[in-house]
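Below, all heavy atoms of this structure are taken into account, side chains as well, without hydrogens, waters or symmetry copies. Here is how names work: the chains are called A, B, and so on, in the same order as the sequence lines, proteins then strands, and each is numbered from 1.
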Amino acid sequence: MADITLTLPDGAKRSYPAGITGAEVAADISKSLGKAAIACEINGKFSDLSIPIDADSDFRIFTMKDEEQALELIRHDAAHIMARAVQELWPDTKVTIGPVIKNGWYYDFDRAEPFHEDDLKLIEKKMREIINKREPVTTEVWDRERAIKFYEANNEPYKVELIESIPGDEDLRMYWHGHWQDLCRGPHLAHTGQVPGDAFKLMSVAGAYWRGDSNNAMLQRIYGVAFRNKQDLKAYLHMLEEAEKRDHRKLGKTMDLFHIQEEAPGMVFWHPNGWTLYRVLQDYMRRRQIADGYLEINTPEVVDRKLWEASGHWEKYRENMFITEIDEEHANEKRVNALKPMNCPCHVQVYNQGLKSYRDLPLRLAEFGSCHRYESSGSMHGLMRVRGFTQDDAHIFCTEDQIAGETKKFIELLSSVYKDLGFDSFDIKFSTRPEVRAGSDEVWDQAEAALENAIKALDLPYEVDPGEGAFYGPKLDFKLTDAIGREWQLGTLQADFVLPERLEAEYIGEDGQKHTPVMLHRATLGSFERFLGVLIENYAGKFPLWLAPRQVVVASIVSDADGWVNEVVERLRAKGIRAEADTRNEKINYKVREHSMGKVPVILAVGMKEVEEKTVSMRRLGDKGSKVLGIDEVVAELVAEATPPDLRD
RNA sequence: GCUGCCGUAGCUCAGGGGUAGAGCACUCCCUUGGUAAGGGAGAGGCCGGGAGUUCAAAUCUCCCCGGCAGCACCA
């Protein structure tokens, strides 16, 4: 057999007989590399060590030191090993798919009896047994027919369905972890023992639809996480614990911000602290919008179905609307109303009052609009997904020529707002036409091009989400992540060529003729509820002073200092600082602890020394020490810091 | 909506077929203490709601309601 030449990453060339495997090359380079090797790369293709190499190639060996490749393989092999463990424990279980995801993997199974949390321990134990066997991972290429026959014989209908749905007729790769077999693209580790037995953990069981379609059967999904070593696993689990502490639902309780109760699922009862935070944010947004040329309006929340019929919501969105009926006995005629699920149709009504000229455009109508949507029970999540919420909504009525400019202007506003609120980066998704949509393809071409060009002109990174646009137009979504990495859509900008026409919005153009304006739906924060949820988690409750609902607590150390405490509070309040007195009969340690846990940014402690010197002892949240300062100095410092970023010099 | 788990005092949770428990919070008393929990006493619950099984249900079963995780959905 002819020799082949392998070129290593350092440029060294080695000759081997054709058909040699990566494993053999690794062992030839050094005995230790032979042991440490987990996979290889042949001409840039991530590959198994066991695959024969037939031609001259660039060649590279991966070991556990190559983090990206190692984690991919560990998680992927762990998925297979878990599936094998499950089938060994419960042979009637049918396997489906098990991909690698962030931090780990999942595998979906079909089994009559659902898995329980306790089963996870059993499965983990079985997995470690398989790992300890250090059984080789082998692979073969089969043609489709053979594979389908094999799975039919083994009563694995999901695998058959998978193969049948793979386009083309290329051959299939089959893998064996010891005796256990799975269809897989690969690559895989060399043997089961290469998965670190102490660096993985099965996390949870959940239902998941086969192929992500709710019309299909629900399968049992098991989630696992895996790392290269025990320390990394521990660090990850620790990170999760820390993230849980900043969960906005937890902080909402400890900071006394809000609650939600059974009688109004998905609706928020804002407490004084939370409402203060809400108002501070709303006041800030109001100033930013006015500065950007928006006109604030306010429109009804309960609106006759006629308007929703005209807008198309009655047909397309009714199942998500809260419908109200007037009791017939007490009404002259039966009217069916709906709580507005969005503000757009109402804004068009405001626009439609009076004849508009092209000189009026762009017309930016803004509303902190209270909306209600009947969200499905399983989708609600604290403040993040609620049924009653307030959008920082606005609709920009403009000409087609103005879309790009308005889009740019909006994204600049949004970036600046997010930065002021502590978010330096965010994700942008550009969603294009969905299958079910209103409007002609020409209109969609135009709308999509306008948005994409605007975002490109600003040179911001974005991803395209094909088919995820609204039924009336394409959109840009702006997303941030919560404490444990779940992504939430906040800001949005949606072009709409449909609604203005449906609701007969018009303007008189330069040519003296009537034209239909374009409508840009846009929200910067999205909804106050969701944004505050993300904001709470982002700051872990430790807000900058200007946002903190409780800014300063002035605490007495001895009751003889109460008079000075109250005086200090008065002076701070006179300057607009949210200050409270704590003159309770408790020790200063107790007060410091309590207000620290309540995330109050500044504690001013006052004892007899401060009374005599007209000073306070200032302690910042998270600091160990404190410093004694004159009252004027403290007031000036806190006032400067409590000034919202848009009002600073 | 679907799968699984959960619902006990204001909060965090223990218990579990036969007088409802703890810590914190709350009220009162003692204590005036210098930067993350001083001490004592007291009050507080139809164990999410309804039905069933049982001599007996907070506990077991079923049905609702709500929550959590994931899936689906998300203008």
Should the ring pair H313(A) and W308(A) be called parallel, tilted or perpendicular, given that the plane angle runs from 0 to 90° and is split at 30 and 60?
perpendicular
Has the side chain of E262(A) got a donor or acceptor atom sitting under 3.5 Å from an opposite partner on the base of G49(B)?
no
Report the nucleotide, chosen from C2(B), G1(B), C26(B), that has the shortest atom-to-atom distance to any side-chain atom of S376(A).
G1(B)
Output all residues satisfying side-chain hydrogen bond (donor to acceptor under 3.5 Å, both in side chains) with E375(A), sequence neighbours left out; order by chain, then residue number.
R385(A)
Could you work out the separation of C64(B) and G7(B) based on their C1' atoms and round it to a whole Å?
14 Å
Mind calculating the distance between NE2 (H248(A)) and P (G67(B)) to the nearest angstrom?
13 Å
Salt bridge (charged side-chain N to carboxylate O under 4.0 Å, His left out) with D304(A): which residues, sequence neighbours excluded?
R335(A)
Gap in Å between the two C1' atoms, one belonging to C63(B) and one to A20(B), rounded
27 Å
With the side chain defined as heavy atoms from C-beta on, R221(A) is closest, among A69(B), G67(B), C71(B), to C71(B)
Hits for side-chain contact (heavy atoms from CB on, under 4.5 Å) against K250(A), two or more places apart or cross-chain, chain-then-number order -> D247(A)
Nearest 0.5 Å, what's the OG1-CD distance between T390(A) and E301(A)?
7.5 Å
Using the side-chain hydrogen bond (donor to acceptor under 3.5 Å, both in side chains) criterion, which residues pair with D427(A)? Sequence neighbours excluded.
none
Would you indicate what E594(A) reaches in the nucleic acid, counting non-hydrogen atoms under 4.0 angstrom: base, sugar-phosphate, or nothing?
nothing
M203(A) CE to C68(B) C1', in whole Å, measures 15 Å
Whole-Å distance between C2(B) C1' and E375(A) CD?
17 Å
Integer-rounded Å distance: G67(B) P and D247(A) CG
15 Å
Determine the contact category for G212(A): base if any of its heavy atoms lies under 4.0 Å from a base atom, sugar-phosphate if only primed atoms, P, OP1 or OP2 are that close, otherwise nothing.
sugar-phosphate
Can you tell me how far apart SG (C344(A)) and CD (Q494(A)) are? Round to the nearest 0.5 Å.
8.0 Å
Determine the Euclidean distance between corresponding P atoms of C11(B) and C26(B); express it in Å to zero decimal places.
14 Å
Rounding to the closest angstrom, what is the interatomic distance between G49(B) and A58(B) at atom C1'?
14 Å
Can you list everything that forms a salt bridge (charged side-chain N to carboxylate O under 4.0 Å, His left out) with D477(A)? Sequence neighbours excluded, please.
K475(A)
Which residue, A470(A) or Y374(A), contacts RNA chain B at a nucleotide closer to its 5' end, judged by nearest heavy atom?
Y374(A)
Any H381(A) side-chain N or O less than 4.0 Å from OP1/OP2 of A69(B):
yes
Under 30°, 30 to 60°, or over 60°: which ring-plane class applies to F258(A) and H248(A), parallel, tilted or perpendicular?
parallel
Test of ring centre spacing under 6.0 Å for H521(A) and Y472(A)
yes
May I ask you to say what E610(A) touches in the nucleic acid, namely base, sugar-phosphate or nothing, with a heavy-atom cut-off under 4.0 Å?
base
Among G34(B), A36(B), C73(B), which nucleotide has an atom closest to any side-chain atom of K609(A)?
G34(B)
Whole-angstrom distance between G21(B) and U8(B), as gauged at atom C1':
10 Å
Pair of N/O donor and acceptor under 3.5 Å linking G1(B) base with Y209(A) side chain
yes
Tell whether S379(A) reaches the base of A72(B) with its side chain through a donor-acceptor pair below 3.5 angstrom.
no
Taking both distances under 3.5 Å as the test for a Watson-Crick or G-U pair, what stems of at least three pairs does RNA chain B have?
B:1-7 with B:65-71, B:10-13 with B:21-24, B:26-30 with B:38-42, B:48-52 with B:60-64
OP1 or OP2 of U12(B) versus the side-chain N and O atoms of K253(A): is any pair under 4.0 Å?
yes
Output the single nucleotide from A75(B), C71(B), A36(B) whose closest atom is nearest the side chain of Y223(A).
C71(B)
Closest-nucleotide 5' rank along RNA chain B - winner of G266(A) and I603(A)
I603(A)
Let's see if you can work this out: which of C68(B), A75(B), C2(B) has an atom nearest to the side-chain heavy atoms of R249(A)?
C68(B)
Heavy-atom pair with the smallest gap, counting every atom of F109(A) and T96(A):
N-OG1, 4.3 Å
Can you list the residues that meet the side-chain contact (heavy atoms from CB on, under 4.5 Å) rule with K102(A), with sequence neighbours excluded?
none
Give a yes/no answer on whether the side chain of R530(A) brings an N or O atom under 4.0 Å of OP1 or OP2 in C74(B).
no
Go through the N and O atoms of the side chain of R385(A) and the base of C74(B), and report whether any donor-acceptor pair is under 3.5 Å.
yes
Looking only at side-chain N and O atoms, does K591(A) come under 4.0 Å of OP1 or OP2 in A36(B)?
no
Between residues 106-126 of chain A and RNA chain B, which residues have a heavy-atom gap below 4.0 Å?
P114(A), H116(A)
Which whole-number value in Å describes the distance from M218(A) CE to A69(B) C1'?
12 Å
Distance, rounded to the nearest Å, where M519(A) contributes CE and A75(B) contributes P:
16 Å
Are S214(A) and G1(B) close enough that a side-chain N or O sits under 4.0 Å from OP1 or OP2?
no
Which residues pass the side-chain hydrogen bond (donor to acceptor under 3.5 Å, both in side chains) test with N337(A), sequence neighbours left out?
none
Does H313(A) make a side-chain donor-acceptor contact with the base of A75(B), cut-off 3.5 Å?
yes
Partners of Y462(A) by ring-ring contact (aromatic ring centres under 6.0 Å, His included), sequence neighbours excluded?
none
In whole angstroms, the gap separating C1' of C11(B) from CE of M255(A) amounts to 16 Å
So does R486(A) get a side-chain nitrogen or oxygen closer than 4.0 Å to the phosphate oxygens (OP1/OP2) of C71(B)?
no
Could you check how far CD1 of I557(A) sits from P of G33(B), rounded to whole Å?
10 Å
Please pick, from A36(B), G70(B), A75(B), the nucleotide with the shortest atom-to-atom distance to any side-chain atom of Y472(A).
A75(B)
Dump the pairs, protein N or O against N or O of nucleotides 37-44 of chain B, anything under 3.5 Å, distances to one decimal.
{"unit_1": "A37(B)", "atom_1": "N9", "unit_2": "R593(A)", "atom_2": "NE", "d": "3.4"}
{"unit_1": "A37(B)", "atom_1": "N7", "unit_2": "R593(A)", "atom_2": "NE", "d": "3.3"}
{"unit_1": "A37(B)", "atom_1": "N7", "unit_2": "R593(A)", "atom_2": "NH1", "d": "3.4"}
{"unit_1": "A37(B)", "atom_1": "N7", "unit_2": "R593(A)", "atom_2": "NH2", "d": "3.0"}
{"unit_1": "A37(B)", "atom_1": "N6", "unit_2": "R593(A)", "atom_2": "NH2", "d": "2.5"}
{"unit_1": "A37(B)", "atom_1": "N1", "unit_2": "R593(A)", "atom_2": "NH2", "d": "3.4"}

Partner residues of E117(A) under the side-chain hydrogen bond (donor to acceptor under 3.5 Å, both in side chains) criterion, sequence neighbours left out:
none
